[in-house]
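Here is the structure we will look at.
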Amino acid sequence: METNELIQFVSDGFDRAKGGAAIDVYGEVVQLVGNHGLPIKSHYPFGWIIYYAMHQSPAHAIKERKLMLARYLNLQVVKPHKLHSMILTEAIRLYKDATDASSLARVKEGFKPVTDATRFSIVKFADLWNLANLRPGDWRRKEHEGKILPSTVEKLITSYVDELYAARIPASPQFMDIINRALAEYPGSANLYAQCAQLYELAGEQEAAIGMLRNAILASPTKFYFWSRLAALITDKDSLRIKVGLLYKALCCPGQEEFKGKIHVNLASALAEGGAFPQAKWELKHVKDLYDRNEWYLPRLYRETEKKIPDGTQPADPVTLYKKVEHLADDFIYESLPEIPVRKTYHKPGAETTDRYGNRKMAQTAWRVTDAQGNNYWFTPMHYNIPDNMPIDTELKIKVFNGKVVKAFL
């Protein structure tokens, strides 16, 4: 095919690709070009064909999409550019699909090494893509059906940190700059705080990691894995009671029991280390029942903890012990926030609603409280075990994080 004909073919192929035939068009262009190379004029439309081909490819087409990305990176296209950003979104999707495929392969085939067929590094790709090419639009969140969707940068951070943490590789200064900008761009993002904590942990900055996980819990206190990850950073033997309290808070958060097996194992380990052997034995029994029921292999920490417990120890329910240390976990989270004296100035009765499963949710009264400077805050008193029928001008104290009440007490 003559050069001009090839240029026209690729140009026409762009419309076909956008219309849903991108995989076929991509294959046709690759076959036509062969070893002769693509005319410079066709690099931009072919870049879009690659994007649409990746977007239209199924999740399992990992090897094919990796090759598409390699072809794209050899093109001479304008950067930064919307096309370049759209390619990044597909690379992020590819990373997730490759990671899921690797996890599935481990389950089916045992703990065999991950093959190149299912491996894809978002970290290496992002280096080649060049993070300096991020555009303002990549930082912008979108709204769909009333729901705020994460930006491209937030999706990138999630995948990038996931790979760094799995490989135990510290972040580059350039990526830390992006994280720090994201913290300012998305204040109050619990996931971002938690991801930042992972990076500080990789850098050996334990106190900074603990601080970030505190922020994550303050922003979203019902995610059990934030509490359990914070507990994992408590390594001082003198802080065992705080560690147990944090793990107990994790157990009390919403979430299926099947996802909390490791929390019970870690509780057993901490209890045994502190000499609470009957309570540790109770937790190990719970773990054994849970793992046997799901036909899982018991973790190594289970065996190590089991060996520490004296023979003949009878299990004892640890709930009383947990209740004694639960306040230590709360204090550990909220101690850095100042107490703000306020008074109740208004209340608004709530309406009965249903959750996403159709179950009825009891109406909850909301309070408005006002501080000495006239600043108003809203919260639900029942969340903090405060009777919702207390009179106007009731005095109390609150703690606030990112403009929201996170603790209230009389």
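The residues of the chain are indexed from 1 along the displayed sequence.
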* To do: Could you check Val369 against Thr345 for side-chain contact (heavy atoms from CB on, under 4.5 Å), going step by step and ending with a plain yes or no?
  => CA-CA 5 Å; Val369 294; Thr345 53; 5.6 Å; no
* Check whether any side-chain N or O of Gln56 sits under 3.5 Å from a backbone N or O of Ala22 as a donor-acceptor pair, and report yes or no. => yes
* Does Ser159 use its side chain to pair, donor to acceptor, with the backbone of Leu156 at less than 3.5 Å? -> no
* For Asp238, which residues count as a salt bridge (charged side-chain N to carboxylate O under 4.0 Å, His left out) partner, sequence neighbours excluded? -> none
* Asked: If only atom types and distance count, is the side chain of Trp227 paired as donor or acceptor with the main-chain N or O of Pro221 below 3.5 Å?
  -> yes
* Structure fact -> Residues passing the ring-ring contact (aromatic ring centres under 6.0 Å, His included) test with Tyr322, sequence neighbours excluded, are Tyr248
* Asked: Can a salt bridge be assigned to the pair Lys397 and Glu339 using a cut-off of 4.0 Å between side-chain N and carboxylate O?
  -> yes
* Dump the intermediate steps for side chain to side chain donor-acceptor pair (under 3.5 Å) on Arg65 and Ser57, then the final yes or no. => CA-CA 8 Å; Arg65 286 185 286 163; Ser57 294; 5.2 Å; no
* List for me each residue that meets side chain to side chain contact (heavy atoms under 4.5 Å, CB included) alongside Pro173, sequence neighbours excluded, and say none if there are none. => none
* Sidechain N-carboxylate O distance under 4.0 Å for Arg214, Glu335 -> yes
* Distance-only, no hydrogens or angles: does the Lys66 side chain make a donor-acceptor pair with backbone N or O of Arg119 under 3.5 Å? -> yes
* Structure fact -> Sequence neighbours excluded, the answer for side chain to side chain contact (heavy atoms under 4.5 Å, CB included) partners of Phe224 is Ala250, Cys253, Phe259, Lys260, Ile263
* To do: Find out whether Arg141 and Thr152 are in side-chain contact, i.e. whether some heavy atom of one side chain is under 4.5 Å from a heavy atom of the other.
  => no
* To do: Look only at the side chain of Ser269 and the backbone of Asn266, and say whether a donor-acceptor pair between them is shorter than 3.5 Å.
  => no
* Tell me, please, which residues at least two apart from Trp296 pass ring-ring contact (aromatic ring centres under 6.0 Å, His included). => Tyr291
* Taking the side chain as every heavy atom from C-beta outward, state whether Leu284 and Ile309 have any pair of such atoms under 4.5 Å apart. => yes
* Tell me, please, which residues at least two apart from Arg140 pass side chain to side chain contact (heavy atoms under 4.5 Å, CB included). => Pro136
* If we only count heavy atoms from C-beta on, is the Val161 to Phe175 side-chain gap below 4.5 Å? -> yes
* Structure fact -> For Asp236, the salt bridge (charged side-chain N to carboxylate O under 4.0 Å, His left out) test, sequence neighbours excluded, returns none
* Asked: Would you call Lys281 and Glu306 a salt bridge, using N to O less than 4.0 angstrom?
  -> no
* **With Glu273 via salt bridge (charged side-chain N to carboxylate O under 4.0 Å, His left out) - residues at least two apart** => none
* To do: Output yes when a side-chain donor or acceptor of Thr305 lies under 3.5 Å from a complementary backbone atom of Leu301, and no otherwise.
  => yes
* Would you mind reporting whether Gln198 and Met212 have side-chain heavy atoms less than 4.5 Å apart? => no
* Structure fact -> Thr365 meets the side chain to side chain contact (heavy atoms under 4.5 Å, CB included) criterion, sequence neighbours left out, with His347, Trp367, Asp388
* **Verdict with supporting geometry, Leu69 and Phe125, side-chain contact (heavy atoms from CB on, under 4.5 Å)** => CA-CA 9 Å; Leu69 283 180; Phe125 175 81; 3.9 Å; yes
* Check ion pair Lys308-Glu304 (N to O, under 4.0 angstrom) -> no
Scan the side chains in residues 84-91 for donor-acceptor partners under 3.5 Å anywhere in the protein, sequence neighbours excluded, and list what turns up.
| residue | atom | partner | partner atom | Å |
| --- | --- | --- | --- | --- |
| His84 | ND1 | Tyr72 | OH | 2.7 |
| His84 | NE2 | Trp129 | O | 3.0 |
| His84 | NE2 | Trp129 | NE1 | 3.3 |
| Ser85 | OG | His81 | O | 3.4 |
| Ser85 | OG | Arg135 | NE | 2.9 |
| Ser85 | OG | Asp138 | OD1 | 3.0 |
| Ser85 | OG | Asp138 | OD2 | 2.9 |
| Thr89 | OG1 | Met86 | O | 2.5 |
| Glu90 | OE1 | Arg93 | NE | 3.1 |
| Glu90 | OE1 | Arg93 | NH2 | 3.2 |
| Glu90 | OE2 | His55 | ND1 | 2.8 |

* To do: Please step through side-chain contact (heavy atoms from CB on, under 4.5 Å) for the pair Leu251 and Leu267, ending with a clear verdict.
  => CA-CA 10 Å; Leu251 284 186; Leu267 268 169; 3.4 Å; yes
* Pair His264, Glu283: side-chain N/O donor-acceptor within cut-off below 3.5 Å -> yes
Name the atoms and distances for all side-chain donor-acceptor pairs under 3.5 Å in residues 186-197, with sequence neighbours left out.
| residue | atom | partner | partner atom | Å |
| --- | --- | --- | --- | --- |
| Tyr186 | OH | Trp139 | O | 2.6 |
| Tyr186 | OH | Ser151 | OG | 2.8 |
| Ser189 | OG | Leu192 | N | 3.3 |
| Asn191 | OD1 | Lys223 | NZ | 3.4 |
| Tyr193 | OH | Gly188 | N | 3.3 |
| Tyr193 | OH | Asn402 | ND2 | 3.4 |
| Gln195 | NE2 | Thr158 | OG1 | 3.0 |

* Asked: If you measure from the Lys or Arg side-chain nitrogens to the Asp or Glu carboxylate oxygens, is any gap between Asp12 and Arg16 under 4.0 Å?
  -> no
* To do: Report the C-alpha distance between Asp162 and Tyr95 in whole Å, list the side-chain angles of each, state the deciding distance to 0.1 Å, and finish with yes or no for side chain to side chain donor-acceptor pair (under 3.5 Å).
  => CA-CA 10 Å; Asp162 178 74; Tyr95 173 77; 2.5 Å; yes
* Checking Glu395 side chain against Val342 main chain: does a donor-acceptor pair fall under 3.5 Å? -> no
* Report yes if the side chains of Val244 and Leu328 come closer than 4.5 Å at any heavy-atom pair, otherwise no. => no
* Asked: Does the Thr394 side chain pair with the main chain of Pro391, one donor and one acceptor, at a distance under 3.5 Å?
  -> yes
* To do: Could you tell me whether Asp177 and Arg181 make a salt bridge, using a distance below 4.0 angstrom between a side-chain N and a carboxylate O?
  => no
* **is_close_aromatic(Tyr384, Phe409), centroid dist under 6.0 Å** => no
* **Sub-4.5 Å side-chain heavy-atom contact between Tyr334 and Leu337** => yes
* With side chains defined as the heavy atoms from C-beta onward, is the minimum distance between Tyr302 and Lys288 less than 4.5 Å? -> yes
* Structure fact -> With sequence neighbours left out, the residues meeting salt bridge (charged side-chain N to carboxylate O under 4.0 Å, His left out) with Arg293 are none
* N/O donor-acceptor pair under 3.5 Å between Thr380 side chain and His383 backbone -> no
* To do: I would like to know whether Leu240 and Lys243 meet side-chain contact (heavy atoms from CB on, under 4.5 Å); could you show each step before the answer?
  => CA-CA 5 Å; Leu240 267 178; Lys243 187 185 188 81; 4.2 Å; yes
* To do: Identify whether NZ of Lys or CZ of Arg in Arg168 sits under 6.0 Å from the centre of the six-membered ring of Tyr165 and within 45° of that ring's axis.
  => yes
* To do: Over 60° means perpendicular and under 30° means parallel, so classify the ring planes of Phe14 and Trp48, tilted if in between.
  => perpendicular
* To do: Output yes when a side-chain donor or acceptor of Lys344 lies under 3.5 Å from a complementary backbone atom of Met390, and no otherwise.
  => yes
* Asked: Are any of the side-chain heavy atoms of Asn215 and Phe401 separated by less than 4.5 Å?
  -> yes
